[in-house]
**Student:** 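Sharing a structure, written as structure tokens. Questions coming.
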Amino acid sequence: MTLISKSAAGLSIASCITDIHKSAKIASHNEYVKTSANSTIRRSISAQKANRVSYKDAQRKNWLAQNAFGQGIEEGFAKVKGYIKGFGVGVIRCLPNFILSAVAMFTTKHKTVANISAIGLALLEGWDFIKNSTGLFQKTDYLE
């Protein structure tokens, strides 16, 4: 069973790394969209307000608003921030999988510890499947 436990641990690590990366990409996109929307609203409000009436200032504000001056830089930083935040959340979420997989893969003297770790990993993955994929144990009636 040691080959099975080590294979399961390796597959679990690969699955976690893939999930962390793809979840971080989603978080990056969400942060980009949120920052872009906030920036557009902020620029729109800024273009509509003035401390004093000035044709020259109004023209400058209109030009800056139409050309979205500096907007790409802010959104680029938001994408990076979102990826890092999503990556951190994913690592924390997969930490039990990493620990059990490491025990299963790197325990060579005590094969029973590796096998128990693999069984724990299977139970963890099974519980995750039941809870998150099937919708069982989740609140479905939000009106009550």
**Student:** Kindly work out whether a path of hydrophobic side-chain contacts (I/L/V/M/F/W/Y, heavy atoms less than 4.5 Å apart) joins Met105 to Ile4.
**Tutor:** no
**Student:** Only counting residues at least two apart or in another chain, list the ones meeting salt bridge (Lys or Arg N to Asp or Glu O under 4.0 Å) with Asp128.
**Tutor:** none
**Student:** Please check if Phe87 and Phe98 belong to a single hydrophobic cluster, counting links between Ile, Leu, Val, Met, Phe, Trp and Tyr side chain heavy atoms closer than 4.5 Å.
**Tutor:** yes
**Student:** Who pairs with Lys81 by salt bridge (Lys or Arg N to Asp or Glu O under 4.0 Å), at least two apart in sequence or on another chain?
**Tutor:** Glu31
**Student:** Determine whether more than 12 heavy atoms belonging to other residues, nucleotides or ligands lie under 6.0 Å from atom OH of Tyr83.
**Tutor:** yes
**Student:** Find the distance between CD1 (Ile116) and CG (Leu123) and round it off to the nearest 0.5 Å.
**Tutor:** 11.5 Å
**Student:** With rounding to the nearest 0.5 angstrom, report the CG to NZ distance, Asn115 to Lys6.
**Tutor:** 8.5 Å
**Student:** Which pair of heavy atoms, one from Glu74 and one from Arg42, lies closest together, and at what distance?
**Tutor:** OE2-NH2, 2.6 Å
**Student:** Starting at CG of Leu100, measure out to CD of Glu125 and round the result to the nearest 0.5 Å.
**Tutor:** 9.5 Å
**Student:** With no hydrogens and no angle check, is any side-chain donor or acceptor of Thr134 less than 3.5 Å from a backbone partner on Ile130?
**Tutor:** yes
**Student:** Output, in order, the C-alpha distance, side-chain angles, deciding distance and verdict of side chain to side chain contact (heavy atoms under 4.5 Å, CB included) for Asn97 and Ile13.
**Tutor:** CA-CA 7 Å; Asn97 295 52; Ile13 288 175; over 6 Å; no
**Student:** Do you know which two heavy atoms are closest between Ala104 and Ser117, and how far apart they sit?
**Tutor:** N-OG, 3.5 Å
**Student:** Any side-chain heavy-atom pair from Leu121 and Ser101 closer than 4.5 angstrom?
**Tutor:** yes
**Student:** Counting only N and O atoms by type, is there a donor-acceptor contact under 3.5 Å from the side chain of Ser36 to the main-chain atoms of Tyr32?
**Tutor:** no
**Student:** Output yes when a side-chain donor or acceptor of Ser23 lies under 3.5 Å from a complementary backbone atom of Asp19, and no otherwise.
**Tutor:** yes
**Student:** If you compare all heavy atoms of Ala27 against all heavy atoms of Gly86, which two are closest, and at what distance to 0.1 Å?
**Tutor:** CB-CA, 3.8 Å
**Student:** If we only count heavy atoms from C-beta on, is the Asn38 to Lys34 side-chain gap below 4.5 Å?
**Tutor:** yes
**Student:** Please determine, by modelled atom types, if Glu75 and Thr35 share a side-chain donor-acceptor pair under 3.5 angstrom.
**Tutor:** no
**Student:** Nearest 0.5 angstrom please: Gln59 CD to Lys56 NZ, how far?
**Tutor:** 12.0 Å
**Student:** Is there a donor-acceptor contact under 3.5 Å from the side chain of Lys79 to the main chain of His29?
**Tutor:** no
**Student:** Is Ser7 reaching over with its side chain to a backbone N or O of Leu3, donor-acceptor style, under 3.5 angstrom?
**Tutor:** yes
